[in-house]
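Heads up: the structure comes next, in structure tokens.
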Amino acid sequence: MRKTFLMLTLLGTGLAAPCWAEVLELPPEPAAAPAAPANLPQRGSSQAAVLKTFGEPVEKHAPAGGGHPKQPPITRWDYPGYSVFFERSTVIDVVVKDAPAPIHHMDELQPQP
């Protein structure tokens with residue numbers, strides 16, 4: 001990261017005030033995002049249904065949480081290109097690797113003036 005020191009003069013006073021500015025260098029965007037698998041497990045499906053439809057995952061992670069009724073156990077199964085998250089034995093989310101999260105309620109977004 002590069003830092004730049006700027007000196008600004010206040011109008012009419014002749015006084016100089018030091019200020020710092022930072023130049024942010026962002027990594028280049030990838031040429032094309034990988035395509036998401038066309039068929040993914042649906043929210044609400046059971047672990048048995050996921051196994052039957054998609055087969056054994058590449059990796060099954062141990063449950064996290066579950067020590068309290070308000071914190072149920074969450075389990076993750078990794079498949080090539082995506083992960084399936086279960087609350088107890090029910091699908092709660094599917095995350096596709098390197099895919100941005102979908103934007104919800106887009107019609108409610110307001111442009112800035």
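Here the side chains of T75 and P63 are in contact, with some heavy-atom distance below 4.5 Å. A heavy-atom distance below 4.5 Å is found between the side chains of P73 and R88. L51 places none of its side-chain heavy atoms less than 4.5 Å from the side chain of S46.
A donor-acceptor pair is defined here as one N or O able to donate and one able to accept, closer than 3.5 Å; such a pair exists between the side chain of R43 and the backbone of I92.
Partners of E59 under the salt bridge (charged side-chain N to carboxylate O under 4.0 Å, His left out) rule, at least two apart in sequence or in another chain, do not exist in this structure.
Closest heavy-atom contact between V84 and P41: CG2-CG, 3.7 Å. Between V96 and Y82, the closest heavy-atom pair is CA-CB, 4.0 Å.
Here salt bridge (Lys or Arg N to Asp or Glu O under 4.0 Å) pairs that include residues 44-58, with residues two or more places apart or in two chains, are E56-K60.
The hydrophobic cluster containing I74 also contains V95, counting ILVMFWY residues as joined when their side-chain heavy atoms lie under 4.5 angstrom apart, directly or transitively.
The line from CZ of F54 to CG of N39 is 4.0 Å long, rounded to the nearest 0.5 Å. Atom CZ of F86 and atom NE2 of H61 lie 12.0 Å apart (nearest 0.5 Å). The CG atom of L40 sits 10.5 Å away from atom CG of D93, with the distance rounded to the nearest 0.5 Å.
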